Each structure stands twice: as C-alpha cells, then as structure tokens.
Amino acid sequence: MAAFSCLDLQEGLRTLSILQWIPVYVLLGTLSILGMPYLLLFTTLWPLSVLFLVWIAYDWNTHIQDGRRSAWVRNWTLWKYFQSYFPVKLVKTHDLSPKHNYIILSHPHGILSYGAFINFATESTGFSRVFPSITPSLATLEGIFWIPFVRDYLMSLGICPVSKLSLTHKLTQRDSGNAVIIVPGGASESLLSRPGVSMIYLKKRQGFVKLALKTGAYLVPSYSFGENETYNQETFAEGTWLRFFQKNIQKIGKRILGINLCTIHGRGLTRGSWGFLPFNHPITTVVGEPLPVPKIPDPDKETVEKYLELYISALRKLFDQHKAEYGLSKTHELKIL
C-alpha cells in the first residue's frame, strides 16, 4: 500500500508540473498587465507602480543582451518532474568545443516544443554536464518579452528573443562557448504535428544560415524523436463548417498572438482518459555533429544556399541514423518542405 501511494504521489507531481506550465505565464502576465494599472490608479500604493515602471524602462534591453540567467531556477525540482512525465532525454553524438559558438537547430516544432524547452531551458536532462562549458539560450517569440514578470521568468531560464539583434549579441559580443537554440519551423510547423508524421519546414528558412555565416557560429542539427506523438491533431474536411471555423480561428490566432491555434487533444488527469494534457510518450532529443561555417560579413545568395543544403544533408543523416532506435521504422522518411 505504501509503495502504491508513493507511486501515485509521484504521478500526481508529474501531472501538476505539466499543468502549471502555461497557467504560470498567464498569471504573471495578468498580474503585470492588470495589477500595475490597478495599483497606480485606485490604491495608495501608486508609488510602487511608478517605481516598477521606471525599473522596466531602465531594464528594457536586458533580454536582448545578456539576460539574467539563474542556475537555481534552471535546476528547480519542478523541471525534473516535468522531464520525467514523458520522459525527455538528451543524447549527445559529438562534443561541442567551448572554443566555438553554435546555432543548434531544434526539429520538429511539435505543438509546444516540450523537448526543446526541457533540454535547453532547464537542467533536468543535464545539459551542462552533457555539454560542459557550453551556455545554451533557447530562443522564442520576442513579443513575450514585452510582458513584465513574464520576461523576468523567461530570462531566469536563459531564454532569449528570436531576434537578429539578440542572437547576434550572444554569438559575437560574448566569449566563445555559447549556443543559441532556434526552432526554425516556427509556429507554422505546429500545424504539421501529428503522431507518425515527420515533416518540417526548412527549405525556405535561410535566416539562421545567414546568421551563422555573419557570426561564424557552427550549425548543429538536433531532432526530438517523439515530439509529434505528444498530441493528436484534427484537421477537419474541406467544405465543412468545422473546417471554416477552424481556419478562421487559426488566422485570428496568427494575426493577434503570432501563434497557430491547433485543434488538439491528449490525455486527461488519469491515464487512458481524454483531455488536453500531453500523452506520456518518450521524447529523445538527439544533438548531431557541428557543421563548421566560415565567417562572412556579407554572404551572397549562393553561399547561403550552399550551407543550407549542407545543413539539410546533415539533418537527414542524423534522422536516418537514429530513427529506428527511437520508435520509427527503418523506411520512415523525414519530409522537408
């Protein structure tokens, strides 16, 4: 009975660690967007709001530069429960020398990029142990950093904006041994995510190659096997009212929030039930061999296309070498759009 209760408690803590993830951002955003104006206009604590706004103005560019990484936050026990929910695993195939800087490309985006978040924004899979002397910075939407409190929480995890200014700073204005992690498929790729499908957007994504050439950062492919298995996604038949509603909701979400609102479902609070928690499917992020890139301040189109093709070849090689080991058939193909 005691053993059963312990297992039940551990399962509950894992589930709670997933449940808190998105609501925490919503709560922090609500506190800043609604709480500060309320204190300023309707209470005697308005000086606190003024001081807070002065601090935000003073600190506004921190997230673009070095941020405020916290080893304590990245090592919270919370993230270990989060990691063990699936579980998530980080696999190294080659060393990353601290003498260079790197751009690690994370594929696929999936619905919520669980593999990228756990492996690169926390220490629950031991990134600093697996890749000693390398400092990772997971890049995400810049707009999120306009929200007070949320920006501080993200910075504490070492997360930075996926902007040219921020990424260039981390790859040129700091010492070597830095790695920025980009999910090049972006929000659009989330619509491709569904179990049994390995499809990514990459052929028209040249920005990361230009960044690598201009900074001399090595390109590193990574693939999270199992990411697309965390949710089932429904695309309704064309011509139906459900499809009409779905497409319009997606357009609104893209225009206002910069994200695609996917029609998904997963498991419920108990295993086997229906709900919106991700399925407990293992996610294994395999980090491949660095692709050396020359430093060219103003690369021409042909050079950019050349290194994009070299990167695509390296990614396909990584995928094909490990797909059978992590749940896919030997004939399964990675489709690159």
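Position 1 is the first residue of the sequence; numbering continues from there. Not measured: the values here are computed from a predicted model.
Screening Leu105, Leu96, Thr93 against Val220 for a side-chain contact (heavy atoms from CB on, under 4.5 Å) leaves a single residue, Leu96.
Through direct or relayed side-chain contacts under 4.5 Å between Ile, Leu, Val, Met, Phe, Trp and Tyr, Leu165 connects to Ile64.
Taking the six-membered ring for Trp and thresholds of 30 and 60 degrees, Trp72 and Trp76 have ring planes more than 60 degrees apart, a perpendicular arrangement. Aromatic ring orientation, Tyr223 versus Phe225: tilted (interplanar angle from 30° to 60°). Using the six-membered ring where Trp is involved, Phe276 and Trp274 have ring planes that are perpendicular, over 60° apart on the 30 and 60° scheme. The aromatic rings of His100 and Tyr102 sit perpendicular to each other, their planes meeting at more than 60°, with 30° as the lower class boundary.
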With a 3.5 Å cut-off and sequence neighbours excluded, list the donor-acceptor pairs that the side chains of residues 132-140 form with protein atoms.
from, atom 1, to, atom 2, distance (Å)
Ser137, OG, Arg69, NH2, 3.0

Could you list the donor-acceptor pairs under 3.5 angstrom formed between side-chain atoms of residues 110-123 and any protein atom two or more places apart in sequence or on another chain?
from, atom 1, to, atom 2, distance (Å)
Ser113, OG, His109, O, 2.8
Tyr114, OH, Tyr231, OH, 2.8
Asn119, OD1, Thr125, OG1, 2.8
Asn119, ND2, Gly115, O, 2.9
Asn119, ND2, Thr285, OG1, 2.7
Thr122, OG1, Ile118, O, 2.7
Thr122, OG1, Ser124, N, 3.2
Thr122, OG1, Ser124, OG, 2.9
Glu123, OE1, Phe127, N, 3.2
Glu123, OE1, Ser128, N, 3.1
Glu123, OE1, Ser128, OG, 3.0
Glu123, OE2, Arg74, NH2, 3.2

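Distance CD1/Ile147 to CG/Asp152: 11.5 Å, rounded to 0.5 Å. We find the OG1-NE2 distance between Thr263 and His265 to be 11.0 Å, quoted to the nearest 0.5 Å.
Gln20 places a side-chain N or O within 3.5 Å of a backbone atom of Ser17 that can act as its donor or acceptor partner. In terms of modelled atom types and a separation under 3.5 Å, the side chain of Arg194 and the main chain of Gly196 share no donor-acceptor contact. The backbone N or O of Phe86 lies less than 3.5 Å from no partner atom in the side chain of Asn280, so there is not a single donor-acceptor pair.
In this view, Tyr81 satisfies the ring-ring contact (aromatic ring centres under 6.0 Å, His included) rule with no residue, not counting sequence neighbours. Checked against salt bridge (Lys or Arg N to Asp or Glu O under 4.0 Å), Arg205 has no partners two or more places apart in sequence or in another chain. For the salt bridge (Lys or Arg N to Asp or Glu O under 4.0 Å) test, no residue two or more places apart in sequence or in another chain qualifies with Glu229. By the side-chain contact (heavy atoms from CB on, under 4.5 Å) test, Leu310 pairs with Leu291, Lys306, Tyr307, sequence neighbours left out. Among residues two or more places apart in sequence or in another chain, the side-chain contact (heavy atoms from CB on, under 4.5 Å) test is passed with Leu51 by none. The side-chain contact (heavy atoms from CB on, under 4.5 Å) test applied to Ser49 returns Met36, Leu39, Leu40, not counting sequence neighbours. With sequence neighbours excluded, no residue satisfies side-chain contact (heavy atoms from CB on, under 4.5 Å) with Asp298.
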Side chain to side chain contact (heavy atoms under 4.5 Å, CB included) between Glu325 and Thr284: does it pass, once the steps are laid out?
-> CA-CA 10 Å; Glu325 185 177 357; Thr284 303; over 6 Å; no

Passes side chain to side chain contact (heavy atoms under 4.5 Å, CB included), Cys160 versus Lys170? Steps please.
-> CA-CA 9 Å; Cys160 68; Lys170 293 188 180 302; 3.3 Å; yes

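The side-chain heavy atoms of Ser106 and Ile182, taken from C-beta on, include no pair separated by under 4.5 Å. For the pair Met199 and Leu337, the minimum side-chain heavy-atom distance is below 4.5 Å. Looking only at side-chain heavy atoms (C-beta outward), His322 and Lys317 stay at 4.5 Å or farther from each other.
Sorted by first and then second residue, the ring-ring contact (aromatic ring centres under 6.0 Å, His included) pairs with a member in residues 164-213 read Phe208-Tyr311; sequence neighbours excluded. Within the structure, salt bridge (charged side-chain N to carboxylate O under 4.0 Å, His left out) pairs that include any residue of residues 91-102 comprise Lys92-Asp95 (at least two apart or interchain).
Between His332 and Ser198, the side chains place a donor N or O and an acceptor N or O closer than 3.5 Å (distance only, hydrogens not considered).
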